[in-house]
Structures are given as structure tokens and as C-alpha cells.
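Beneath this line is the structure, given in C-alpha cells, with notes to follow.
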Amino acid sequence: MDEGLLIIRLVFGLTMAAHGTQKLFGWFGGQGLKATGQFFESIGIRPGVWMALLGGLGEFVGGLLLASGVWMLVGCALFVVTMLVAIIKVHGKNGYWATGGGIEYNVAIIAVAVGLALTGPGAYTLF
């Protein structure tokens with residue numbers, strides 16, 4: 001079980017951390033903070049750059065915490081809060097399926113985060 005939790009934590013955590021760097025730094029094909037902030041403003045999330053910073057940090061820091069197994073509850077909470085904001089402000093009006101811009105992906109992230117929070121990091125952590 002510990003090896004399975006490690007694989008889930010590493011893949012999910014590092015993927016989410018990389019997703020955060022798309023918003024923060026424009027890495028991995030992302031738009032960066034300024035452009036993400038402009039997008040947020042265009043859909044009514046204000047102040048755009050500040051909210052993009054918070055969203056990007058939630059994904060980046062949460063991902064690193066999850067991958068390392070350190071302060072997992074904090075990392076999981078960052079994901080849940082970030083995804084709830086995304087559902088409320090962006091995806092909720094689009095239904096369930098991601099193909100229509102819906103909440104499918106956000107719900108999956110919340111489920112993994114809550115599941116890991118309830119299970120714990122397993123034996124393999126940095127500390």
C-alpha cells in the first residue's frame with residue numbers, strides 16, 4: 001500500500017505543481033502570471049493577477065507538499081479550495097463534463113485530494 005500511495009502522491013503532486021508553474025511562470029506551455037491574470041479578469045475574477053497568483057501558488061505549493069508527503073493535509077486543502085473556486089467561478093455553469101468546460105476534472109482532483117487526506121501519505125515521505 002505504501003508504494004501505491006507514493007506513486008499516486010508523486011504523479012498527482014508533481015503534475016499539479018507543474019500545472020501551477022504554467023500560471024506562475026508560463027512554463028510547460030502556460031501563459032504566465034500576467035496573461036493568466038488578464039484571463040481571470042475577462043471572466044470576472046478580480047483582481048486577476050492576484051487571483052492567478054493565489055491559484056498558481058495553491059497548485060504549486062500543494063503539489064510539492066503532496067509529492068513530498070510533508071504537511072499533506074495542507075496540500076490537500078490547497079487543492080480542494082483552489083478547485084472549489086474554479087468550480088464556482090469558471091466551470092460550474094458548464095455542466096459536468098470537461099469536454100464542455102465543466103467540472104469533471106475539478107471533481108477528480110478534489111476526490112484524489114480528499115482520498116489522500118483521509119488515507120495519509122504512507123511510509124515514504126521526506127520527513
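The analysis underlying the following values was restricted to heavy atoms, covering all of them including side chains, and did not include hydrogens, waters or symmetry mates.
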Looking at [X] and [Y], what are the two nearest heavy atoms and their distance?
X    : Y    : result
L5   : P121 : CB-O, 3.9 Å
T36  : A52  : CG2-CB, 3.7 Å
I110 : L84  : CD1-CD2, 4.0 Å
A113 : V80  : CB-CG2, 4.1 Å
M16  : Y105 : SD-OH, 3.9 Å
F79  : G63  : CZ-N, 3.3 Å

Using modelled atom types and a 3.5 Å cut-off, is there a donor and acceptor pairing between side-chain atoms of [X] and backbone atoms of [Y]?
X    : Y    : answer
N94  : G102 : no
T15  : F12  : no
S42  : F39  : yes
E104 : Y96  : no
R9   : M72  : no
D2   : A123 : yes

- Measure the shortest side-chain to side-chain distance between I45 and V90 over non-hydrogen atoms and say whether it is less than 4.5 angstrom.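 A side-chain contact exists here, since the closest heavy-atom pair is under 4.5 Å.
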
- Using a 4.5 Å cut-off on heavy atoms from C-beta on, say whether the side chain of M83 contacts that of E59.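 In contact.
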
Identify whether [X] and [Y] are in the same connected component of the hydrophobic contact network (ILVMFWY, side-chain heavy atoms under 4.5 Å).
X    : Y   : answer
I7   : L64 : no
I103 : I88 : no
L118 : L73 : no
L116 : V81 : no
V85  : L24 : no

- Message: For E41, give me all partners under salt bridge (charged side-chain N to carboxylate O under 4.0 Å, His left out), at least two apart in sequence or on another chain.
- Response: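 For E41, the residues satisfying salt bridge (charged side-chain N to carboxylate O under 4.0 Å, His left out) (neighbours in sequence not counted) are R46.
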
- Message: Just verifying a value: how many Å separate I87 CD1 and T82 OG1, rounded to the nearest 0.5 Å?
- Response: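 Answer for the CD1-OG1 pair, I87 versus T82, is 11.0 Å.
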
- Message: Measuring from atom OG1 of T119 to atom CD1 of I8, what distance do you get when rounded to the nearest 0.5 angstrom?
- Response: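 So the gap between those two atoms works out to 8.0 Å.
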
- Working for side-chain contact (heavy atoms from CB on, under 4.5 Å), residues S68 and T125: CA-CA 6 Å; S68 69; T125 66; over 6 Å; no

- Message: For H91, give me all partners under side-chain hydrogen bond (donor to acceptor under 3.5 Å, both in side chains), at least two apart in sequence or on another chain.
- Response: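 Listed in chain order: nothing, the list is empty.
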
- Could you tell me which residues satisfy ring-ring contact (aromatic ring centres under 6.0 Å, His included) with F60, sequence neighbours excluded, listed by chain and number?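 For F60, no residue satisfies ring-ring contact (aromatic ring centres under 6.0 Å, His included) once neighbours in sequence are set aside.
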
